[in-house]
Protein chains: 2
Amino acid sequence: MKISIGIIDDHQLFLKSLVLMLHTFKKYEVVVQATNGQDLQNKMKADTSIPEIMLIDVNMPVMDGVATASWLNQHYPAMKLVALSMNDTDKTIIEMIKAGCCAYLLKDTHPNDLEKALNEIQLKGYYNADVSNINFRRLLNYEQDLIKLNEKEKTFLQLACSDLTYKQIAALMFLSERTIDGYRESLFQKLNVQSRVGMALEAIRKGFVKL
Amino acid sequence: MKISIGIIDDHQLFLKSLVLMLHTFKKYEVVVQATNGQDLQNKMKADTSIPEIMLIDVNMPVMDGVATASWLNQHYPAMKLVALSMNDTDKTIIEMIKAGCCAYLLKDTHPNDLEKALNEIQLKGYYNADVSNINFRRLLNYEQDLIKLNEKEKTFLQLACSDLTYKQIAALMFLSERTIDGYRESLFQKLNVQSRVGMALEAIRKGFVKL
DNA sequence: TACCAACAGGGGAAATTTCCCGTATGAAAA
DNA sequence: TTTTCATACGGGAAATTTCCCCTGTTGGTA
């Protein structure tokens with residue numbers, strides 16, 4: 001009896017290629033393919049075949065990796081979720097783990113390592129990726145230097161990443177310039193920067209603000 | 001006689017999977033695989049098998065897609081170069097074409113389309129990707145709104161994307177604050193922004209400065 | 001030779017950002 | 001009930017950014 005696998009990735013070429021690759025691993029069989037979380041939900045409804053292991057790409061349109069992993073974790077708690085990503089700098093690593101993934105693999109891992117990882121997941125229920133691949137120190141330190149922002153701060157940060165002056169931002173948020181000043185100071189401290197430019201850049205790096 | 005193909009992609013999993021996929025296309029055969037331009041150069045030196053078509057990933061460490069395509073175009077002018085990328089918003093599309101690529105494919109194209117594209121490239125020497133896949137308007141307008149920066153401006157822009165003050169930047173560039181002021185004004189105009197924050201953000205969006 | 005375009009720089013001023021100081025209010029905790 | 005804490009706000013000032021106007025040099029080029 002082969003072990004059933006599901007794959008979710010928005011890149012058709014990668015998705016289909018990976019399916020081919022998994023078929024060369026004699027023990028495994030791909031039973032579900034989807035290009036995003038939404039797509040998967042539809043296919044899981046229609047099709048009754050529930051894979052034992054699900055490979056999930058982190059970056060996807062429509063319904064991303066974290067949301068998909070959370071959903072799967074809730075509806076199919078027994079399913080082993082594996083996150084697939086391009087770059088380990090991504091702050092979503094920890095979020096994928098929190099969302100219920102038992103393994104994290106980079107797309108530049110060797111096929112042999114993928115097979116090994118799958119075996120280990122099947123056997124032990126989890127897989128610790130190669131230390132050389134993922135920056136574990138960052139991962140472990142992540143929680144403690146995880147910066148928490150409240151809604152107002154997030155709104156302010158979003159608006160600060162633009163050509164707007166603080167006065168304009170204050171007007172948009174229906175707050176006094178002084179109050180905005182307080183948020184700025186708080187963000188400077190949390191992000192460890194000395195200027196608005198630094199703040200904007202750091203906001204993007206940390207993923208608080210997109211593009 | 002099969003048509004020989006080369007593939008360059010830093011993601012092992014994708015690379016190897018793609019090789020498998022190409023082997024399912026009966027007419028094609030992968031003769032060279034590399035994880036970046038540098039790697040390819042070494043392999044091309046050692047190995048005498050020169051592929052007719054080369055698939056090149058745009059985003060790679062060490063030696064990126066554009067540099068690799070240029071090098072191949074110079075040293076193997078007869079080789080048909082195909083750019084592979086994740087996102088069509090990338091400004092490197094036009095650069096890949098300029099570097100000598102005769103086709104541009106997104107990684108979320110369907111395998112069937114890849115095969116069609118390869119056939120067409122083999123036949124006609126080039127391939128026009130599906131209009132629905134690539135934003136051609138952007139591509140066509142690209143040249144005219146391509147922003148040209150001289151070296152000093154690039155250096156300044158890079159330094160401006162930080163916590164540094166203009167005074168500090170001036171010192172680092174061995175220029176007067178007034179001169180820096182001129183560069184700032186020039187960049188504001190070219191990037192169509194009103195503030196340093198906007199400039200930094202736009203610099204990142206346009207790819208002049210890496211995150 | 002005179003003109004033009006580019007680059008480098010100076011003085012000054014208004015707008016904005018950054019950083020002090022301190023106050024008030026309401027909710028939660030001691 | 002007093003204390004603590006988070007949030008909202010104000011005045012003022014220094015630093016920085018932004019925007020004017022104007023000078024000089026250099027290297028083509030008409």
Side-chain angles (χ1 to χ4, degrees), chain A residues 142-211, chain B residues 142-211:
Chain A
Y142 195 87
E143 280 295 346
Q144 74 191 53
D145 58 51
L146 211 181
I147 296 156
K148 299 226 183 257
L149 304 183
N150 60 41
E151 284 311 309
K152 286 268 178 68
E153 283 173 336
K154 283 180 194 168
T155 308
F156 166 70
L157 197 49
Q158 182 75 50
L159 291 170
C161 291
S162 72
D163 260 342
L164 298 167
T165 68
Y166 287 138
K167 187 184 279 196
Q168 291 173 311
I169 294 172
L172 285 170
M173 291 179 72
F174 303 107
L175 290 170
S176 145
E177 289 182 57
R178 254 0 96 164
T179 309
I180 290 298
D181 206 28
Y183 287 133
R184 178 193 56 71
E185 197 155 329
S186 160
L187 262 321
F188 273 26
Q189 213 246 303
K190 288 183 179 179
L191 296 177
N192 190 35
V193 294
Q194 285 74 235
S195 73
R196 185 170 162 185
V197 178
M199 177 175 70
L201 263 22
E202 205 55 26
I204 291 168
R205 285 199 196 93
K206 297 253 195 274
F208 292 117
V209 176
K210 298 289 172 202
L211 197 294
Chain B
Y142 196 87
E143 279 294 346
Q144 74 190 53
D145 57 51
L146 213 182
I147 295 157
K148 300 227 183 256
L149 306 182
N150 60 40
E151 283 312 310
K152 286 268 176 67
E153 283 173 336
K154 283 180 194 168
T155 307
F156 165 71
L157 197 49
Q158 182 75 49
L159 291 169
C161 291
S162 73
D163 259 343
L164 299 167
T165 67
Y166 287 138
K167 188 184 279 195
Q168 291 173 310
I169 293 172
L172 285 169
M173 291 180 71
F174 303 107
L175 289 170
S176 147
E177 290 181 54
R178 258 351 98 148
T179 310
I180 289 299
D181 207 29
Y183 287 133
R184 179 194 56 72
E185 197 156 329
S186 160
L187 262 321
F188 273 27
Q189 213 246 303
K190 287 184 180 179
L191 297 176
N192 190 34
V193 293
Q194 286 75 234
S195 74
R196 186 171 161 183
V197 179
M199 176 175 72
L201 263 22
E202 205 54 26
I204 290 168
R205 286 199 195 94
K206 296 251 195 275
F208 292 118
V209 175
K210 299 288 174 204
L211 168 53

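Just so it is clear, the structure is predicted and the values come from calculations on it, not from any experiment. Chain naming here is simple, since letters A, B, ... match the order of the sequence lines and numbering starts at 1 in each.
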message: Counting the atoms with a prime plus P, OP1 and OP2 as sugar-phosphate, which does B:S176 contact under 4.0 Å by heavy atoms, base, sugar-phosphate, or nothing?
response: sugar-phosphate
message: Go through it in stages, so that I can follow the logic: the residues are A:R196 and A:R184, the test is side chain to side chain contact (heavy atoms under 4.5 Å, CB included), and I'd like the CA-CA distance, side-chain angles, deciding distance and then a yes or no.
response: CA-CA 8 Å; A:R196 185 170 162 185; A:R184 178 193 56 71; over 6 Å; no
- request: Show your reasoning for whether side chain to side chain contact (heavy atoms under 4.5 Å, CB included) applies to B:F208 and B:M199.
  value: CA-CA 11 Å; B:F208 292 118; B:M199 176 175 72; over 6 Å; no
query: Is there a donor-acceptor pair closer than 3.5 Å between any side-chain N or O of A:E153 and the backbone N or O of A:N150?
result: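 It does hold such a pair.
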Round to the nearest Å and state the distance from [X] atom [atom1] to [N] atom [atom2].
| X | N | atom1 | atom2 | result |
| --- | --- | --- | --- | --- |
| B:E153 | C:dC7 | CD | C1' | 11 Å |
| A:R178 | C:dC19 | CZ | P | 14 Å |
| A:K167 | C:dA15 | NZ | P | 9 Å |
| B:Q194 | D:dC20 | CD | C1' | 17 Å |
| A:D163 | C:dA15 | CG | C1' | 14 Å |
| B:E151 | C:dC7 | CD | P | 12 Å |
| A:Y183 | D:dA6 | OH | P | 13 Å |
| B:E185 | C:dG10 | CD | P | 17 Å |

OG1 on B:T165 to CD on B:E177, rounded to 0.5 Å: 7.5 Å
statement: CG (A:L187) and NZ (A:K154) are apart, to the nearest 0.5 Å, by 11.5 Å
Nearest-nucleotide pick for [X], side chain only, options being [options]:
| X | options | result |
| --- | --- | --- |
| B:T165 | D:dT16, D:dC9, C:dT18 | D:dT16 |
| B:F188 | D:dT18, C:dT18, D:dA8 | D:dT18 |
| A:N150 | D:dT7, C:dT17, D:dA8 | D:dT7 |
| B:R196 | D:dT17, D:dA8, C:dT18 | D:dT17 |

query: Do A:D181 side-chain and D:dC9 base share a donor-acceptor contact under 3.5 Å?
result: no
message: So, OP1 or OP2 of C:dT18: does either fall under 4.0 Å of a side-chain N or O from A:Y166?
response: yes
query: Which sits closer to the 5' end of DNA chain C, A:S195 or B:K152, going by the nucleotide each is nearest to?
result: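 It is B:K152, whose closest nucleotide lies nearer the 5' terminus.
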